[in-house]
Protein chains: 4
Amino acid sequence: MTQTATRPYVTERKIRFSHCDPAGIVYFVNFFDMVSGCVEDWFGEAIGFTFNEMHVKQRLGFPIVNTGCEFFRPCRLGDQLVLELVIAKLGRSSIEFRVRGRVAGEDKFLARHKVALMSLDTQRALPIPADLRAKMQPYVSAEAA
Amino acid sequence: MTQTATRPYVTERKIRFSHCDPAGIVYFVNFFDMVSGCVEDWFGEAIGFTFNEMHVKQRLGFPIVNTGCEFFRPCRLGDQLVLELVIAKLGRSSIEFRVRGRVAGEDKFLARHKVALMSLDTQRALPIPADLRAKMQPYVSAEAA
Amino acid sequence: MTQTATRPYVTERKIRFSHCDPAGIVYFVNFFDMVSGCVEDWFGEAIGFTFNEMHVKQRLGFPIVNTGCEFFRPCRLGDQLVLELVIAKLGRSSIEFRVRGRVAGEDKFLARHKVALMSLDTQRALPIPADLRAKMQPYVSAEAA
Amino acid sequence: MTQTATRPYVTERKIRFSHCDPAGIVYFVNFFDMVSGCVEDWFGEAIGFTFNEMHVKQRLGFPIVNTGCEFFRPCRLGDQLVLELVIAKLGRSSIEFRVRGRVAGEDKFLARHKVALMSLDTQRALPIPADLRAKMQPYVSAEAA
């Protein structure tokens, strides 16, 4: 019996001055922007479906249905944040991501982020096409569910 | 048997151009900023403990432990968003808020937002002082838990 | 000889936690967002031409041609910022605003902000219609030029 | 007679969904954030004086005195923006940058951005130390002034 190892998508962000608040740590809202940007990068780089192609040319979108994040430790100015994305659940129209944030191996946060495919014109949910679904499959993690 | 009616804290936000994305709806990250701003307003106006007094003078903070939001319907440019805050759970150091977003009576989102009192100097959790706790009590909702 | 006094458009902003940076003062970028929001409010409230009507219904926009700001003194958490807008120059397609930021009577910044009317469909500049121009006239300041 | 060629500092930014507005182009405020981030990167990478070292350890800052930007053409989702920074004027306490934004060789904007060295504790201007000044010298451009 063969088993395909899940491949997380990994990208990095440098913590800048503008991300930080008067307490000297990253303002939590910026983490959601990074999680969303990580999903955008994954679509473009891992799936080959850029947000420009998706939104502008095909008039499709993946609006957020539900999102949340648990924060373990603060991030600080100058930190190099590593984001690791896997798919916890691949539904008919929806994708539920897990995005983990780490700095130097230390867990900073864990986000779950659920989006669903929609037509921007009809505002209706659409099933994820089979070719996209096939490209997403390697990122589905049994553990994350 | 007496029953104390829960008083939600209510504040409003106008949906501006800068809140919206290329799909013409509010970029979800801005809702977290509004939820956090609503909590800040509640501290200042309802509890009488401004963020300036808290952070700058008393060197205390309420960092976010856990937050999440379910999105029901998109918000659009020009919408007048009504935010309603109640406390779902008042812990020893932590407060778990429920913040509901509505436009013209229609539910747009429901956020749960958990923060915990911390010393900015020692980075340690602190119990919420009794006088603050007393002022918070009217906002605790049995239903929201 | 009669003289029509210029009427500045005035609106206020509360300086929140999320506007401030690790130095404890407003991150300058947020002032540009406030200046732009002040222009948006002026269009809606003073001119009666909301950004929703403008962008979504009429497919018109006022993109920024040129903007700049001189910063005199920092703003801090909890400050109540008063924004005063006048028109320094009303061109054929363009409007050059002056937006002054004050806290408790103290000048904090002075922005000049030039926008020009454009069709979102053709991406071409358009002359400002006479009826809009007439409503803008009372805000034109001789001194500001 | 020898002439030392000015070396611009170059860094790139990918235009993301979150940078764009309902008109489908980059919301101008985000360009100021990118210009400021470019200055931050230059301090860390070109001068060897990171913002963490500067703000947190040495309690110094370079607040913005004056900034402005001329916008030539809009940027769109998916654009790869190249930022080129030179120093137009190196004063005693102040640095006036020119930051040019280009996509595929086309000029998008030109910002001038003036900052001045300050003690975060005394809130007073300080002269730029000789060792930092020496490292900044190669970025001073005669043409940009």
Side-chain angles (χ1 to χ4, degrees), chain C residues 19-40 50-76 94 96 98 108-125, chain D residues 19-40 50-76 94 96 99 108-125:
Chain C
H19 296 134
C20 298
D21 66 21
I25 63 175
V26 173
Y27 179 50
F28 83 104
V29 163
N30 293 318
F31 287 130
F32 282 101
D33 191 49
M34 291 179 206
V35 164
S36 191
C38 175
V39 167
E40 180 175 354
T50 65
F51 264 32
N52 186 43
E53 175 68 28
M54 186 192 298
H55 288 86
V56 181
K57 297 191 185 157
Q58 303 205 14
R59 299 281 303 151
L60 297 171
F62 273 96
I64 291 92
V65 174
N66 205 305
T67 189
C69 192
E70 194 173 353
F71 301 99
F72 308 120
R73 282 188 181 79
C75 284
R76 294 175 192 285
S94 69
E96 194 176 323
R98 288 285 178 280
K108 296 297 190 179
F109 66 80
L110 178 60
R112 46 163 196 74
H113 191 73
K114 187 178 178 179
V115 300
L117 181 58
M118 195 185 81
S119 157
L120 295 184
D121 294 320
T122 67
Q123 304 277 323
R124 299 243 169 153
Chain D
H19 296 133
C20 298
D21 66 21
I25 63 175
V26 173
Y27 180 51
F28 82 104
V29 163
N30 293 318
F31 287 129
F32 282 101
D33 191 50
M34 292 180 205
V35 164
S36 191
C38 175
V39 167
E40 180 175 353
T50 65
F51 264 31
N52 186 44
E53 175 69 27
M54 185 192 298
H55 288 87
V56 181
K57 298 193 183 154
Q58 302 206 14
R59 299 281 303 151
L60 297 172
F62 273 96
I64 290 93
V65 174
N66 206 304
T67 190
C69 192
E70 194 174 352
F71 301 100
F72 307 120
R73 281 189 182 78
C75 284
R76 294 175 192 286
S94 68
E96 194 176 324
V99 181
K108 296 298 191 179
F109 66 79
L110 178 61
R112 48 165 193 72
H113 191 74
K114 188 178 178 180
V115 301
L117 182 59
M118 195 185 80
S119 157
L120 294 184
D121 294 320
T122 67
Q123 304 278 323
R124 299 244 171 151

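Within every chain, numbering begins at 1; the chains are lettered A, B, ... in the order of the sequence lines, protein sequences first and strands thereafter.
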Relative to chain C, which segment of [X] carries a heavy atom at a distance below 4.5 Å: side chain, backbone, both, or neither?
X: D:Leu120; answer: side chain
X: D:Arg59; answer: neither
X: D:Phe109; answer: neither

Which atoms of C:Phe72 come close to chain D, meaning under 4.5 Å heavy atom to heavy atom: side chain ones, backbone ones, both, or neither? neither

For each of D:Gly24, D:Gly61, D:Pro63, D:Ser36, tally heavy-atom pairs with chain C at distances under 4.5 Å, and name the one with the top tally. D:Ser36

Is the NZ atom of C:Lys114 crowded by more than 12 outside heavy atoms at less than 6.0 Å? no

Please say which of C:Asn30, C:Val35, C:Val29 ends up in a side-chain contact (heavy atoms from CB on, under 4.5 Å) with D:Val29. C:Val29

To the nearest 0.5 Å, atom CD1 of C:Ile64 lies from atom CZ of D:Phe31 at 10.5 Å

Atom CZ in D:Phe28, atom CG in C:Asp33: separation rounded to 0.5 Å? 7.5 Å

Do you know which two heavy atoms are closest between D:Asn66 and C:Phe71, and how far apart they sit? N-CD1, 4.2 Å

